[in-house]
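To start, the structure itself, in structure tokens.
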Amino acid sequence: MPKSNSGSKHIMARHVAPFAPVAIAALMSSALLGPKAGAPGAVVPPGGPVPVACEEVQDFEDCHSRYPAGCTQGSGKPNYDAYLNVLKNQLIPPASVNPVKFLTSKADYAQLDKAIPAQLASKNHLTFKDALIQAGETQPTGLIGYLFYVKAEGAESSNCQLPQDQALRDIDYHIGIGFDQSLAAQLVAKKKVPAHSLSSNAVIVEMTPHFRANFEEGKWTVPELTNVLGRKVKVVGQLMVDNEHNLSSQNCAMAKSAGDLASCWRMSVWELHPVISFQVCKTDACTQNSTDWVELDQFGH
């Protein structure tokens with residue numbers, strides 16, 4: 001592992017302005033999201049960002065102020081999709097975002113899946129950047145469905161492989177949203193639903209640690225999310241493809257065999273990442289512009 005930084009350097013990193021991560025990412029990728037958050041068509045330097053090994057990293061602030069494309073710990077050669085991590089690690093001010101469209105069904109995702117290049121693999125996102133942007137990647141996008149599950153993630157290269165801490169401050173919240181109302185009703189009734197039935201019928205949205213800390217501190221929590229399992233939700237975030245999981249054994253949209261269908265755990269590799277807005281319907285009958293949507297931390301209060 002490379003030699004660690006001095007304590008003073010860590011202190012400086014943690015006092016970088018809140019938007020430093022997105023500023024650094026823009027420098028690395030020539031304004032990846034363009035002049036407006038989510039605007040497609042940015043120019044990326046030849047070769048793009050590269051995987052790197054972490055120096056000592058204390059927390060998510062330290063991580064995202066120094067490693068906008070993430071990093072890996074340990075002595076092995078860094079091996080991850082650095083461009084994908086730059087997308088995941090955008091810090092997009094909520095006030096700047098107006099969703100360009102809403103996704104409300106499996107059919108919407110099936111249409112998006114058709115636009116994924118057949119050669120897209122786990123570490124070549126940059127090669128297909130233009131085709132994916134044409135399909136909608138980097139655009140602020142809305143999703144209306146039902147909250148199927150929430151999971152506090154473990155160590156990931158996008159978060160400098162920081163472990164899951166007790167306060168869950170340094171990791172992503174991995175959230176499954178589905179469209180099957182009958183499964184949702186079972187969750188609201190607190191009935192046991194097979195985990196695979198939920199995951200294979202859900203798309204994924206991710207709440208990142210640095211976004212939560214800058215804009216939703218203490219409001220977006222795993223207990224608050226667990227409290228609304230099965231409820232109708234409206235989520236807004238950056239649309240992107242998590243190509244790390246574009247495998248037939250993981251992505252149900254690519255399943256090629258009974259074994260794939262039994263093991264796959266996501267309906268699509270299209271995600272909203274990072275999540276920028278998360279609301280819950282008070283009545284479960286909300287349409288897109290209903291007045292019955294409330295912020296996550298206000299549901300039931």
Side-chain angles (χ1 to χ4, degrees), residues 51 70 72 74 76-85 87-88 103-128 131-132 135-137 143 145-159 161 163-164 171-187 191-206 225-226 229-230 235 237 239-273:
T72 55
K77 182 180 179 180
N79 186 24
Y80 61 90
D81 193 319
Y83 176 78
L84 172 64
N85 281 355
L87 286 179
K88 290 180 176 182
L103 304 168
T104 60
S105 68
K106 281 189 174 184
D108 288 340
Y109 276 88
Q111 193 64 35
L112 282 172
D113 288 334
K114 292 178 182 178
I116 296 177
Q119 297 79 19
L120 182 69
S122 62
K123 298 179 180 68
N124 64 352
H125 201 130
L126 184 61
T127 301
F128 300 101
L132 292 171
E137 188 166 67
L143 166 62
Y146 299 93
L147 179 57
F148 276 8
Y149 68 88
V150 56
K151 174 188 174 185
E153 278 287 14
E156 299 179 285
S157 63
S158 57
N159 291 323
Q161 291 192 322
Q164 186 182 116
I171 45 86
D172 288 357
Y173 296 167
H174 177 103
I175 300 163
I177 309 295
F179 304 106
D180 189 321
Q181 191 171 9
S182 63
L183 287 176
Q186 293 177 62
L187 292 171
K191 294 182 179 179
K192 189 172 181 178
V193 182
H196 186 260
S197 295
L198 297 173
S199 64
S200 62
N201 286 292
V203 293
I204 291 166
V205 305
E206 302 260 4
L225 287 162
T226 303
L229 284 173
V235 188
L239 185 65
M240 53 146 276
V241 169
D242 193 345
N243 55 294
E244 180 183 356
H245 303 293
N246 197 36
L247 305 167
S248 61
S249 60
Q250 298 183 31
N251 178 12
C252 295
M254 293 179 66
K256 299 175 182 177
S257 66
D260 286 344
L261 287 171
S263 67
C264 64
W265 50 270
R266 52 191 301 151
M267 198 178 82
S268 174
V269 286
W270 286 97
E271 297 185 356
L272 297 189
H273 194 154

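All of these numbers come straight from a predicted model, not from anything done at the bench.
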Steps toward side chain to side chain contact (heavy atoms under 4.5 Å, CB included) verdict (Leu143, Phe179): CA-CA 10 Å; Leu143 166 62; Phe179 304 106; 3.6 Å; yes

Distance, nearest 0.5 Å, that separates NE2 of His174 from CD of Glu206: 6.0 Å

Heavy-atom side-chain contact between Phe148 and Leu183 under 4.5 Å: yes

Any donor-acceptor N/O pair, Asn124 side chain to Ala121 backbone, under 3.5 Å: yes

For Asn243 against Lys123, the heavy-atom pair lying closest together: ND2-N, 3.7 Å

Met254 and Ile116, any side-chain heavy atoms less than 4.5 Å apart: no

Gap separating the CD1 atom of Ile204 from the CH2 atom of Trp265, nearest 0.5 angstrom: 4.5 Å

Partner residues of Tyr80 under the ring-ring contact (aromatic ring centres under 6.0 Å, His included) criterion, sequence neighbours left out: none

Residue pair Gln250, Val269: steps toward the side chain to side chain contact (heavy atoms under 4.5 Å, CB included) verdict: CA-CA 9 Å; Gln250 298 183 31; Val269 286; over 6 Å; no

Asn246 side chain vs Leu120 backbone, donor-acceptor pair below 3.5 Å: yes

For the student: nearest non-hydrogen atoms of Gly230 and Ala184, plus distance: O-CB, 3.4 Å

Name every donor-acceptor pair, under 3.5 Å, that has one atom in a side chain of residues 106-113 and the other anywhere in the protein, sequence neighbours excluded.
| residue | atom | partner | partner atom | Å |
| --- | --- | --- | --- | --- |
| Lys106 | NZ | Asn201 | OD1 | 2.7 |
| Asp108 | OD2 | Thr104 | N | 2.8 |
| Asp108 | OD2 | Thr104 | OG1 | 3.4 |
| Asp108 | OD2 | Ser105 | N | 3.4 |
| Asp113 | OD1 | Ser268 | OG | 2.8 |

Flag, side chain of Asn85 to backbone of Gly70, donor-acceptor distance under 3.5 Å: no

Salt bridge (Lys or Arg N to Asp or Glu O under 4.0 Å): pairs with one or both residues in residues 247-268, sequence neighbours excluded: Arg266-Glu271

Distance, nearest 0.5 Å, that separates CG of Leu229 from CG of Leu147: 5.0 Å

Spacing of Asn251 atom CG and Glu244 atom CD [to the nearest 0.5 Å]: 13.0 Å

Rounded distance [0.5 Å steps], OG in Ser182 versus CG in Leu187: 10.0 Å

Euclidean distance, Asn159 CG relative to Ile171 CD1, rounded to 0.5 Å: 8.0 Å

Residue pair Ser158 / Asp172: nearest heavy atoms and the distance that separates them: OG-OD2, 4.4 Å

Other residues, nucleotides, ligands: >12 heavy atoms within 6.0 Å of Gln164 CD: yes

Beyond-backbone contact of Tyr146 with Asp180, side-chain heavy atoms, under 4.5 angstrom: no

Whether His196 side chain and Cys264 backbone form a donor-acceptor pair below 3.5 Å: yes

Sub-4.5 Å side-chain heavy-atom contact between Asn79 and Thr72: no

Considering all heavy atoms, the nearest Pro51-Ala82 contact: N-CB, 3.8 Å

For Leu84 against Val241, the heavy-atom pair lying closest together: CD1-O, 3.3 Å

Full working for side chain to side chain contact (heavy atoms under 4.5 Å, CB included) between Gln119 and Thr127: CA-CA 10 Å; Gln119 297 79 19; Thr127 301; over 6 Å; no

